[in-house]
Amino acid sequence: PRMFGQALKAIAVAITLGVAAGSLPVNCLAMMHGAPSGHACAAARNGSGGNIARNGAASEMRPNRSDGLPEVCGVQIQPAENGATVIDVSTSQPVPYHLMQLDSPRRLVVDFEGSRNAAQRGVYPARSAILRRVRIGQWRAGRPSIVRVVADLEGAPAFGVRRQPWGVRIELKPSAG
């Protein structure tokens, strides 16, 4: 009963936000699993999402390809307690991923294997002392197809990555010291 109530509340909030923003349909399944609002896999699957040119500008609207690959649908960046920042990467279904940390400049890279990019944007700016922006793109289109998500970091924040029913959550925390 409690989960059902939470799901109904999440759906009501999602519909309200979607109507206010003019962005229905809403991915109610992701909302029922606790996905933050704004995750757009349903829109991408329904063909209402646009394709992104490499420079981050929207290209013409095209229907969803029927290649059967899971989709990486978008990114949401949120502030958290004590100067932390949360990056939510939404996917249409669970996708295997690999994590890398790179220097000069500092970046956190998440490669989603066997997937395709369905995000409506290529760059997501951040208002954070520890994160400049998040970039997303189709790194490899062949086999295996790989979508790469890059978090451009400020300083050397601590981080954690966790799989969620709706995708992957990256938590960045300021370094002590």
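Just so you know, these numbers come straight off a predicted model, no measurement behind them.
The shortest distance between side-chain heavy atoms of Ser115 and Val147 falls below 4.5 Å. Put simply, the side chain of Thr91 does not reach to within 4.5 Å of the side chain of Tyr97, judged on heavy atoms.
Checking side-chain atoms of Arg121 against main-chain N and O of Ala119 turns up no donor-acceptor pair under 3.5 Å. Checked by atom type and distance alone, the side chain of Gln138 pairs as donor or acceptor with a backbone atom of Asn117 at under 3.5 Å.
Rounding to the nearest 0.5 Å places CD1 of Ile170 at 9.0 Å from CZ of Phe159. Glu154 contributes atom CD, which lies 11.5 Å from atom CZ of Arg106 (distance to the nearest 0.5 angstrom). Interatomic distance, CD of Gln93 versus CD of Glu71, reported as 9.0 Å (0.5 Å rounding). Atoms CZ and CG, from Arg133 and Asp152 in turn, are 4.5 Å apart once rounded to the nearest 0.5 Å. Taken from CZ in Arg148 to NE2 in His98, the straight-line distance is 11.0 Å, to the nearest 0.5 Å.
Leu99 and Val149 end up in the same hydrophobic cluster when Ile, Leu, Val, Met, Phe, Trp and Tyr side chains are linked at under 4.5 Å.
Every residue two or more places apart in sequence or in another chain that forms a side chain to side chain donor-acceptor pair (under 3.5 Å) with Thr85 is listed here: Ser128.
Gly114 and Pro70 get closest at one heavy-atom pair: O-CD, 3.0 Å. In plain terms, the two heavy atoms of Ala80 and Val86 that are nearest each other are CB-CG2, 3.9 Å. Minimum interatomic distance between Cys73 and Ser92 (heavy atoms only, all atoms of both residues): SG-N, 4.0 Å.
With Leu108 as reference, Leu153 is the one residue of Leu131, Ile87, Leu153 to meet the side chain to side chain contact (heavy atoms under 4.5 Å, CB included) rule. Screening Leu69, Val89, Ile146 for a side chain to side chain contact (heavy atoms under 4.5 Å, CB included) with Phe112, the sole residue that qualifies is Val89.
The hydrophobic cluster around Met100 extends to Leu102, Val109, Val150, counting ILVMFWY residues whose side-chain heavy atoms fall within less than 4.5 Å of a member.
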